[in-house]
Amino acid sequence: MKIATWNVNSIKARHERLLAFLERWEPDVVCLQETKVQDEAFPYLELRAAGYYAVHHGQRAYNGVAILSRVEPTGVFFGMEDDGEEEHARLIGATVGELTILSAYFPNGGDMGSDKYAYKLGWLGRLRAELERRFELSATPVALCGDFNVAPSPDDVSLPDLFEGSVLANPEVRDALGGIRALGFTDVFRPFHPRGGVYTWWDYRAMGFERNHGLRIDHVYATAPLASRVIGAVVDRREREGKGASDHAPVLVEIE
DNA sequence: ATGGTAGACGCTCTA
């Protein structure tokens with residue numbers, strides 16, 4: 001089976017591309033981020049016609065996460081237990097067959113030292129606590145998929161002078177992500193690309209994609225019962241090409 | 001320190 005994760009940067013702007021992507025890859029599960037719509041504007045019916053059930057946790061204009069799947073998801077949950085009243089829509093989870101799937105849009109963090117950066121660090125800590133509280137991670141096959149907004153190692157960064165030390169690539173956020181791995185999660189993409197230099201996001205500006213000035217910030221993290229069954233992982237760079245592309249390319253993982 | 005582009009929204013914010 002195939003699991004995909006893709007920050008679509010607006011599901012309205014990416015509607016046609018998303019449907020074509022589903023036809024081309026026929027993934028069993030797709031985690032989406034940055035849908036940027038409220039639930040009532042989410043294209044449930046169009047996706048159902050394309051063969052997918054969908055659950056969505058949205059908000060107006062920003063954020064928004066979804067899980068699409070061939071089989072009907074159950075046990076859906078929205079956000080974190082300690083989310084505030086006006087919390088961003090950044091996490092959705094569901095049971096899909098025997099797997100637990102999480103679609104997460106980690107905060108970007110703005111600039112170092114900003115309020116947004118403090119929110120990012122707090123959110124990473126809250127996610128760790130949420131995962132620990134909610135699941136028996138050693139025994140449950142869980143896939144934590146999404147736009148993590150963290151490049152885990154220098155090998156995941158194209159322009160160190162620009163990006164190292166930024167909100168996306170610094171020791172503090174890398175440690176916070178390490179705290180999530182310490183719960184029992186593995187980056188299942190990395191072993192298939194051991195030399196690094198494979199990216200999932202490129203800035204729209206300054207011909208970022210054409211120059212391959214990217215970062216690997218979209219990830220699939222899996223607990224041991226699932227990680228042991230992963231047999232492949234790729235980035236579909238074609239989805240970053242041409243007019244009407246998201247600034248992120250999808251990551252796909254194949255499971256035996 | 002800033003700009004470059006894209007998307008949503010509505011004369012600006014987020015990434």
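This structure is a prediction, so every number in the text was calculated from the model and none was measured. Naming convention: chains lettered A, B, ... in sequence-line order (proteins, then strands); numbering from 1 in each chain.
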Open item on the list: Using the side-chain heavy atoms of A:Tyr204, tell me which of these nucleotides is nearest: B:dT14, B:dC9, B:dA6.
Closed with: B:dA6
Open item on the list: Between A:Phe185 and A:Val188, is there shared hydrophobic-cluster membership here, with clusters defined by ILVMFWY side-chain heavy atoms closer than 4.5 Å?
Closed with: no
Open item on the list: Regarding A:Phe209, tell me which of base, sugar-phosphate or nothing describes its non-hydrogen contacts under 4.0 Å with the strands shown.
Closed with: nothing
TODO: Compare all side-chain heavy atoms of A:Val30 with those of A:Leu22 and state whether any distance is below 4.5 angstrom.
DONE: yes
Open item on the list: Check this for me: A:Glu256, atom CD, are more than 12 non-hydrogen atoms of other residues, nucleotides or ligands nearer than 6.0 Å?
Closed with: no
TODO: Sticking with atom C1', work out how far B:dA15 lies from B:dC9, rounded to a whole angstrom.
DONE: 15 Å
- [ ] Rounded to whole angstrom, note down the C1' distance from B:dA1 over to B:dG10.
- [x] 29 Å
Open item on the list: Return the CD1 to CD distance between A:Ile231 and A:Glu254, rounded to the nearest 0.5 Å.
Closed with: 4.0 Å
- [ ] With heavy atoms under 4.0 Å as the rule, sort A:Arg90 into base, sugar-phosphate or nothing.
- [x] sugar-phosphate
- [ ] Starting from the 5' end of DNA chain B, give me the residue, A:Arg60 or A:Leu162, whose nearest nucleotide shows up first.
- [x] A:Leu162
- [ ] Starting from C1' on B:dT14, measure out to CG on A:Asp147 and report it in whole angstrom.
- [x] 13 Å
Task: Pairwise 5' ranking along DNA chain B for A:Ala206 and A:Thr35, keeping only the more 5' one - done: A:Ala206
- [ ] Hey, can you tell me if A:Trp202 and A:Tyr199 have their rings parallel, tilted or perpendicular (30° and 60° cut-offs)?
- [x] perpendicular
- [ ] Give the rounded distance in Å between these two atoms: CZ of A:Arg17 and P of B:dG7.
- [x] 10 Å
Task: Check: A:Phe148 and A:Leu124 side chains under 4.5 Å, non-hydrogen atoms - done: no
Task: Whole angstrom value for the distance that separates P of B:dC9 from CD of A:Glu34 - done: 13 Å
Open item on the list: Please report the distance, rounded to the nearest Å, between CG in A:Asn9 and C1' in B:dA6.
Closed with: 6 Å
Open item on the list: Less than 4.0 angstrom between a side-chain N/O of A:Arg14 and OP1 or OP2 of B:dG7, yes or no?
Closed with: yes
Task: cation_pi(A:Arg48, A:Tyr53) dist<6.0 Å, angle<=45 - done: yes
Task: Whole-Å distance separating the CG atom of A:Asp218 from the P atom of B:dA15 - done: 14 Å
Open item on the list: Among residues 235-246 of chain A, which ones have heavy-atom contacts with DNA chain B below 4.0 Å?
Closed with: none
- [ ] Please state whether the phosphate of B:dG7, meaning OP1 or OP2, lies under 4.0 angstrom from any side-chain nitrogen or oxygen of A:Lys12.
- [x] no
Task: Whole-Å gap separating P (B:dC9) and CD (A:Gln59) - done: 11 Å
- [ ] Report the distance from atom CH2 of A:Trp201 to atom P of B:dA15, rounded to the nearest whole Å.
- [x] 12 Å
Open item on the list: What is the distance, to the nearest angstrom, from the OH atom on A:Tyr62 to the C1' atom on B:dA15?
Closed with: 10 Å
Task: B:dT2 versus B:dA6 - spacing of their P atoms, nearest Å - done: 23 Å
TODO: Indicate yes or no: does A:Glu130 engage A:Arg90 in a salt bridge with an N to O separation below 4.0 Å.
DONE: no
